[in-house]
Amino acid sequence: MVGAVERSHNNVLSNGSLHHSNGAEERLDELRRILSKSDGDLLKIVSVGAGAWGSVFAALLQDAYGHLRDKVQIRIWRRPGRSVDRATAEHLFEVINSREDVLRRLIRRCAYLKYVEARLGDRILYADEILKDGFCLNMIETPLCPLKVVTNLQEAVWDADIVVNGLPSTETREVFEEISRYWKERISVPIIISLAKGIEAALDPIPHIITPTQMIKSATRVPIDNILYLGGPNIASEIYNKEYANARICGAEKWRKPLAKFLRQPHFIVWDNSDLITHEVMGGLKNVYAIGAGMVAALTNESATSKSVYFAHCTSEMIFITHLLAEQPEKLAGPLLSDTYVTLLKGRNAWYGQMLAKGELSPDMGDSIKGKGMIQGVSAIGAFYELLSQSSLNVFHPEVKTPIAPAELCPILKTLYKILIRRESPAQAILQALRDETMNDPRERIEIAQSQVFYRPSLLGQP
């Protein structure tokens, strides 16, 4: 009986939840074998960036494999020096005291007193400090397991076997250019899994999209076969709380299939797909329209009718755009709509749109928001609109009988650009766009895309 109690205790995770192996050691051993790791040679995984999704991803791995210390090391890098303000410290203290498992853990680790002192204003906490205790600054209300935090980027990545990009797309290039300096003398080629959803637009020599995996390839010279994208219809906090979710890891077959198996958990199903760039672009596209959805919800007092009108128009624009980006766009319909749906329901981009419409935020405050992190839909709006405004991408409009820029057939995208990038229109303009009597039936936009040769492989940098 005593032995049974001890075994049960050993299965308790540091955040209070129970750990069930579910073949974790076997999956880890299989990945180690594929990576030719010898006994005593740790498989080193590091998540670069400590936003909500990057932190949760690291915590999921720590929960699943962290007990196998002689085989794997899981760490997370974040910049040092970010202080936690008094209001956040007070809220964090409330969260800690509302969770008996977390409270007991902190007391057991002699870490509780510093949160008391911060609550009283007698001490300043730092983001990297609280992350070690399992608190992500962008997701205070969802305590994670304790994490091994590194604040020196070189130390974090120089010998890592697997690097997870948990950075916003707007920071990916800069950080990976720095990482490349630490990899100059490296012999083995790392595997990189990017979680970033966002794009940049390049207009020369021809208009095309640049995705985070392409930024990483350009910055590090790591072969694209070793760079993958993982995304899906999910909310980070809900995944960590074991809500059932699924995702796709996209990239070369050599790595995507073993990694899908390694990352899969009972509540987090990971499929694999070969279409890396297109899935990555779709992850950025849905953030664009989520901002508009938040605006409409706030401006209409959550009117179901208004939200459904918006959904009809935004989905038709997304379908229209996917016809430009994919030879077989129908294959993307399910993943794109499901990812859009969950982002509209609870994502930070929809929240940002709501706050703009309520006047609690303004575009002048920028797209990095306290407690939420980077709102990646803002830069994506600029990139998609500027790209689709290029005359070299003109499409034939059957009614006006003349070629026009694709952006002219996307009134919601155009309006969001005026609100957030040009800043020449208020949030209310999104409703005016929806109620414009000259706006075409959403079905007609899709028919235009389906009635002509629409696919532009050059947009994704393909010949």
Side-chain angles (χ1 to χ4, degrees), residues 13-15 17 19 28 31 42-69 71-84 92 102 105-106 109 111 125-169 171-172 174-176 178-179 182-183 190-197 212 216 228-231 234 236-237 239-241 247 249 259 262-263 265 268 371-374:
L13 294 172
S14 51
N15 68 335
S17 60
H19 170 74
L28 176 58
L31 185 60
L42 289 175
L43 173 63
K44 296 182 178 180
I45 303 173
V46 63
S47 180
V48 175
W53 189 203
S55 298
V56 163
F57 195 83
L60 290 174
L61 293 176
Q62 180 64 30
D63 280 345
Y65 300 106
H67 63 292
L68 301 167
R69 296 183 185 88
K71 296 184 178 183
V72 65
Q73 177 192 73
I74 299 157
R75 302 191 295 175
I76 184 168
W77 172 83
R78 73 153 294 136
R79 294 181 180 90
R82 173 75 180 274
S83 60
V84 178
L92 179 55
V102 176
R105 164 162 58 86
L106 292 173
R109 291 163 58 94
L125 295 171
Y126 292 91
D128 57 292
E129 177 185 16
I130 67 173
L131 187 60
K132 292 176 183 178
D133 292 326
F135 301 109
C136 170
L137 193 57
N138 293 344
M139 200 175 57
I140 290 296
E141 294 184 356
T142 304
L144 309 174
C145 63
L147 294 170
K148 297 173 183 175
V149 180
V150 184
T151 55
N152 183 295
L153 185 58
Q154 182 175 7
E155 177 189 347
V157 304
W158 75 273
D159 63 345
D161 298 295
I162 299 174
V163 175
V164 178
N165 176 32
L167 297 161
S169 60
E171 298 178 18
T172 293
E174 178 184 354
V175 173
F176 275 86
E178 181 178 349
I179 288 173
Y182 309 137
W183 284 350
I191 299 168
I192 301 171
I193 303 172
S194 180
L195 310 178
K197 296 179 177 180
I216 292 168
L228 304 101
Y229 165 73
L230 185 138
N234 44 61
S237 60
I239 291 177
Y240 194 73
N241 287 330
I249 188 164
L259 285 170
F262 176 71
L263 297 172
Q265 298 186 26
F268 184 58
K372 290 291 182 178
M374 185 64 67

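Along the sequence shown, the residues carry numbers beginning at 1. Just so you know, these numbers use all the heavy atoms, side chains as well, and skip hydrogens, waters and symmetry mates.
Residues Val72 and Leu42 are not in side-chain contact: their nearest non-hydrogen atoms beyond the backbone lie 4.5 Å or more apart. When side chains are defined from C-beta on, Lys71 counts as touching Leu28, because their heavy atoms get closer than 4.5 Å. Inter-residue side-chain proximity for Ser194 and Ile216 is flagged as met; some heavy-atom pair is nearer than 4.5 Å. Residues Ile45 and Gln73 are not in side-chain contact: their nearest non-hydrogen atoms beyond the backbone lie 4.5 Å or more apart. In this structure the side chain of Tyr229 reaches within 4.5 angstrom of the side chain of Lys197, judged on heavy atoms. Side-chain contact between Val175 and Arg79 is present, with at least one heavy-atom pair separated by less than 4.5 Å. Here the side chains of Leu31 and Ile162 are in contact, with some heavy-atom distance below 4.5 Å. Residues Pro146 and Asp133 are not in side-chain contact: their nearest non-hydrogen atoms beyond the backbone lie 4.5 Å or more apart.
Rounding to the nearest 0.5 angstrom, the gap separating the CG atom in Leu147 from the CZ atom in Arg78 is 12.0 Å. One finds the CD1 atom of Ile74 at 8.5 Å from the OH atom of Tyr65 (value rounded to the nearest 0.5 Å). One distance of note links CG of Leu61 with SG of Cys145; it measures 9.5 Å at 0.5 Å rounding. To the nearest 0.5 angstrom, Trp53 atom CH2 is 6.0 Å from Leu230 atom CG. Note: Ile76 CD1 to Cys136 SG = 7.5 Å, rounded to the nearest 0.5 Å. With rounding to the nearest 0.5 Å, the separation of CG in Leu228 from CG in Leu263 is 9.5 Å.
Between Ile140 and Leu137, the shortest heavy-atom distance links the atoms CG1-O, 3.8 Å. Of all heavy-atom pairs spanning Glu129 and Leu125, the tightest one is OE1-CA, 3.5 Å. For the pair Tyr240 and Pro143, the tightest heavy-atom approach, listed with the atom from each and the gap, is CE2-O, 3.5 Å. The heavy-atom pair separating Thr172 from Ala196 by the smallest distance is OG1-CB, 4.3 Å. Here the closest heavy-atom approach between residue Gly81 and residue Asp128 is recorded as N-OD1, 3.9 Å. The two residues Ser169 and Pro212 have their closest heavy-atom pair at CB-CG, 3.8 Å.
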For Leu144 and Met139: C-alpha separation, side-chain torsions, deciding distance, then whether side chain to side chain contact (heavy atoms under 4.5 Å, CB included) applies. CA-CA 9 Å; Leu144 309 174; Met139 200 175 57; 3.9 Å; yes
Derivation and outcome, side chain to side chain contact (heavy atoms under 4.5 Å, CB included), residues Asp159 and Trp183: CA-CA 8 Å; Asp159 63 345; Trp183 284 350; over 6 Å; no
Where do Val84 and Ile130 land on the side chain to side chain contact (heavy atoms under 4.5 Å, CB included) test, with the steps shown first? CA-CA 9 Å; Val84 178; Ile130 67 173; 4.0 Å; yes
Audit row: Trp158, Ile179, side chain to side chain contact (heavy atoms under 4.5 Å, CB included) steps and yes/no: CA-CA 8 Å; Trp158 75 273; Ile179 288 173; over 6 Å; no
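Using modelled atom types, no side-chain atom of Gln62 and backbone atom of Ala59 make a donor-acceptor pair closer than 3.5 Å. Proximity of a side-chain donor or acceptor of Trp77 to a complementary backbone N or O of Thr151 within less than 3.5 Å is detected. Between the side chain of Ser55 and the main chain of Ala50, a donor-acceptor pair closer than 3.5 Å is present.
In terms of the salt bridge (charged side-chain N to carboxylate O under 4.0 Å, His left out) criterion, residue partners of Asp161 (sequence neighbours excluded) are, by chain and number, Lys37. Annotation: side-chain hydrogen bond (donor to acceptor under 3.5 Å, both in side chains) contacts of Arg82 (sequence neighbours excluded): none.
Here the options are Val164, Ile239, Asn165, the test is side-chain contact (heavy atoms from CB on, under 4.5 Å), and the partner is Phe57; only Val164 passes.
Counted within 6.0 Å of CD on Glu174, heavy atoms from surrounding residues, nucleotides or ligands total 12 or fewer; the atom is thus considered open.
Counting only residues at least two apart or in different chains, salt bridge (Lys or Arg N to Asp or Glu O under 4.0 Å) contacts with residues 136-158 comprise Arg75-Glu155.
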